[in-house]
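Throughout, protein chains are lettered first and strands after them, A, B, ... in sequence-line order, and every chain is numbered starting at 1.
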Protein chains: 2
Amino acid sequence: MEQKNKAERSPAARNDGRGKVTSYDVASLAGVSQSAVSRCFKPGASISAKIRGKVEKAARQLGYQPNAIARGLISGRSNIVAVIINNLTNLIYPEVLSELNQKFAQHGQHVLLFTLSRESDVDRVLDQVWQYQVDGIVAAAQFTDAQLAACEARCTPLVFYNRIYPNHSVASVCCDHEEGERLLVEGLLRSGRESFAVVSGPADSAVSTARTHGAINALKSAGIPYRQIEGDYSYECAKGIVNSLLAKDSRKINAIVCANDVMAIGCIDQLVHVHGMRVPEDISVVGFDGVSAASWENYNLTTIVQPVSRMVDAAVQMLIERIESFDLPVEKRIFSGKMRFGASASLR
Amino acid sequence: MEQKNKAERSPAARNDGRGKVTSYDVASLAGVSQSAVSRCFKPGASISAKIRGKVEKAARQLGYQPNAIARGLISGRSNIVAVIINNLTNLIYPEVLSELNQKFAQHGQHVLLFTLSRESDVDRVLDQVWQYQVDGIVAAAQFTDAQLAACEARCTPLVFYNRIYPNHSVASVCCDHEEGERLLVEGLLRSGRESFAVVSGPADSAVSTARTHGAINALKSAGIPYRQIEGDYSYECAKGIVNSLLAKDSRKINAIVCANDVMAIGCIDQLVHVHGMRVPEDISVVGFDGVSAASWENYNLTTIVQPVSRMVDAAVQMLIERIESFDLPVEKRIFSGKMRFGASASLR
DNA sequence: CTGAAAGCGCTTACAG
DNA sequence: CTGAAAGCGCTTACAG
């Protein structure tokens with residue numbers, strides 16, 4: 001390799017059109033050692049005011065920024081965290097992602113984003129994650145045992161968002177899906193509903209599984225019959241499900257429990273606009289999440305609002321702690337959602 | 001420094017609990033040179049099948065992944081692109097971000113996400129961007145002249161998303177906001193509307209400025225009076241704006257042109273549910289974007305649908321090209337949106 | 001407090 | 001095709 005050490009370059013060649021300014025350039029302009037420059041950019045390093053002044057001036061003149069890649073290589077800290085999210089089109093995730101990004105930034109961490117099109121993509125994504133030597137992972141996706149083991153083997157801190165592994169010792173932040181559904185179902189029962197449909201999300205969604213489980217458990221322990229239909233979290237599928245629910249000549253239902261708000265909205269639109277039914281007089285509909293559309297006048301959903309901001313706070317804090325010391329005891333933080341008493345079901 | 005070259009470690013120490021496996025570890029296990037290992041992970045490098053076999057086997061045994069940080073340091077390519085987005089809560093951006101991420105992944109690029117809380121954050125964000133030696137930038141935010149110059153000076157390819165700098169030579173992908181608004185307004189005029197309100201987004205949004213400008217231009221050239229009110233893209237503000245529009249004892253309006261879909265939805269809810277008006281019989285409402293809620297049965301917006309997928313394709317392709325060769329001629333690609341003939345305004 | 005030097009884990013001419 | 005070696009731009013003991 002013919003590349004010259006930057007410190008030996010002529011001043012004219014310093015800003016060489018590729019705009020790469022190194023600590024050697026700054027050092028030679030400031031008349032100090034490269035180590036001194038490095039120390040000036042390390043918080044808490046011991047450096048005299050005189051040298052600091054010279055270095056800062058030179059750095060400003062040259063537009064120097066330390067190379068985070070080189071820094072990461074030597075220090076073993078990339079200051080990058082991977083955020084692995086299943087599906088951004090779920091209306092709740094953009095808010096989560098935005099908050100994660102802002103809060104990690106406050107800790108000097110940057111978010112490298114990985115989205116999954118299929119669950120099976122996790123392996124492919126983890127390969128990338130290892131390559132980038134991330135300091136930690138926030139995952140809103142389902143991991144296999146082998147994938148959990150890989151994170152453990154590589155000593156990469158991992159915090160799950162909105163899913164819990166009951167049989168594994170992994171850190172996680174979660175909304176209490178089961179409790180939320182129980183509260184909704186119990187409220188519906190108190191309000192006199194007695195014929196239920198439970199609309200779940202896609203089968204591979206752990207969040208949907210937990211919510212559906214919560215709803216069905218509450219119904220079972222009350223001895224109430226129900227029908228369960230699998231949806232996919234989408235508005236469109238909810239409309240189709242309403243059609244099939246009403247087409248059946250079986251007993252009429254008067255409460256629909258949806259695994260998320262968007263499906264609840266789809267149900268309401270189909271019930272009201274296509275079938276001419278009244279919500280909640282003829283039939284109650286409840287959702288889960290507390291997306292912004294849930295409070296739109298036309299829907300005014302009864303739903304469980306996830307405490308997104310607090311959950312994200314917790315996830316960020318847990319991951320940052322684990323980056324500092326990997327062997328912290330595992331913790332699972334489960335947040336209760338807040339009931340939103342809307343007009344799509346009259347609960348007290 | 002007391003660290004030993006990994007190749008000299010005893011086999012037992014290889015996987016040392018920090019899970020760091022280097023190309024030296026693979027090389028010594030495979031009985032080849034470190035260079036050979038490196039070549040096996042470089043697409044298109046010349047390597048014999050025999051060595052490749054040995055290396056791949058050893059790499060698999062050790063769970064080796066090349067360190068992208070070290071690779072980036074030496075090659076000058078981080079394979080990271082920065083995506084700078086103003087506000088993820090704008091309903092259209094999650095879709096954009098998700099598609100950007102998927103499509104960059106197909107080109108081996110990873111997305112480092114930067115969200116802005118204020119426009120003034122761009123400087124802070126760019127500092128981070130420089131530190132991470134990103135290969136390129138996609139920006140859905142407003143840059144100052146100095147910020148544009150900084151990207152130029154550092155030879156960092158930059159593609160703007162949904163904004164154009166008429167007075168600068170910068171690559172960009174944009175929806176034709178002005179044309180879209182013109183089509184909407186002309187349609188409304190043909191349908192007999194003659195008293196308009198134009199609801200714009202926040203003053204610092206270039207997208208809003210372009211859309212508002214387009215609407216007002218079309219109205220002016222038709223000689224039609226209008227009122228302009230500044231909103232903030234939100235549902236809530238739109239409701240308030242409707243109140244103030246109807247409270248005025250001035251001439252009644254019969255068409256509201258909103259700078260985005262969410263405000264159009266807010267207007268409709270307020271008009272219908274609070275003021276008991278009929279849309280579109282009493283008043284027409286149009287939006288812009290084509291978010292999923294625009295096609296919800298209850299709103300069925302007349303709006304302009306941005307060709308998000310094509311626009312993202314274009315942005316990714318443009319940036320990738322510019323990463324390959326920085327000095328490509330600047331290009332601005334402007335996509336026409338597609339009119340959605342909904343029920344919130346009866347255009348033909 | 002300061003500087004010289006080793007080393008992080010790779011890629012890439014270079015010589016064979 | 002293959003290996004030895006230099007070097008990417010930093011951080012960090014170490015000795016002064």
* To do: Any chance you could lay out the side-chain contact (heavy atoms from CB on, under 4.5 Å) test for A/F114 and A/V83, step after step, and finish with the verdict?
  => CA-CA 6 Å; A/F114 295 92; A/V83 172; over 6 Å; no

* **From CA spacing to verdict: side-chain contact (heavy atoms from CB on, under 4.5 Å), A/I137, A/L126** => CA-CA 10 Å; A/I137 302 173; A/L126 280 182; 4.2 Å; yes

* Bracket string, DNA chain D, 5' to 3' - pairs by Watson-Crick or G-U geometry under 3.5 Å, | interstrand -> |||.||||||||.|||

According to a strict under-4.0 Å criterion, is [X] in side-chain N/O contact with OP1 or OP2 of [N]?
X	N	result
A/K42	D/dT12	yes
A/Y64	D/dC10	yes
B/S23	C/dC10	yes
A/S48	C/dT2	yes
A/S38	D/dC10	no

* Audit row: A/T115, A/N86, side-chain contact (heavy atoms from CB on, under 4.5 Å) steps and yes/no -> CA-CA 6 Å; A/T115 53; A/N86 208 332; over 6 Å; no

To the nearest Å, give me how far apart [atom1] ([X]) and [atom2] ([N]) are.
X	N	atom1	atom2	value
A/I47	C/dT2	CD1	C1'	8 Å
B/K20	C/dC8	NZ	P	11 Å
A/K50	C/dT2	NZ	P	8 Å
A/I74	D/dT12	CD1	C1'	7 Å

* Centroid separation B/H110 to B/F104 less than 6.0 Å -> no

* To do: Run the ring-centre check on B/F160 versus B/F143 and record whether the distance is less than 6.0 Å.
  => yes

* A/N162 and A/M311: CA distance, side-chain angles, deciding distance, side-chain contact (heavy atoms from CB on, under 4.5 Å) verdict -> CA-CA 9 Å; A/N162 243 353; A/M311 290 171 63; 3.4 Å; yes

* Asked: When the nearest nucleotide of DNA chain D is assigned to A/S75 and to B/V32 on a heavy-atom basis, which residue is associated with the more 5' position?
  -> B/V32

Please tabulate, for the side chains in residues 31-42 of chain B, all donor-acceptor contacts under 3.5 angstrom to protein atoms that are two or more places apart in sequence or on a different chain.
{"unit_1": "B/S33", "atom_1": "OG", "unit_2": "B/S35", "atom_2": "N", "d": "3.4"}
{"unit_1": "B/S33", "atom_1": "OG", "unit_2": "B/A36", "atom_2": "N", "d": "3.2"}
{"unit_1": "B/Q34", "atom_1": "NE2", "unit_2": "B/S23", "atom_2": "OG", "d": "3.0"}

Of the nucleotides [options], which one has an atom closest to the side chain of [X]?
X	options	value
B/T22	D/dC10, D/dT2, C/dC10	C/dC10
A/I51	D/dA5, C/dG3, D/dT2	C/dG3
A/L73	C/dT2, C/dG9, D/dT11	C/dG9
A/R39	C/dC10, D/dA13, D/dT2	D/dA13
A/A36	D/dG7, C/dG3, D/dT2	C/dG3

* Most 5' of A/S33 and B/R71 on DNA chain C, judged by nearest nucleotide -> A/S33

* Side chain of B/R322, backbone of B/M318: donor and acceptor closer than 3.5 Å? -> yes

* Nearest-0.5 Å distance that lies between atom NZ in B/K20 and atom CG in B/L62 -> 15.5 Å

* **Strand contacts (DNA chain C) in residues 124-136 of chain B, 4.0 angstrom heavy-atom criterion** => none

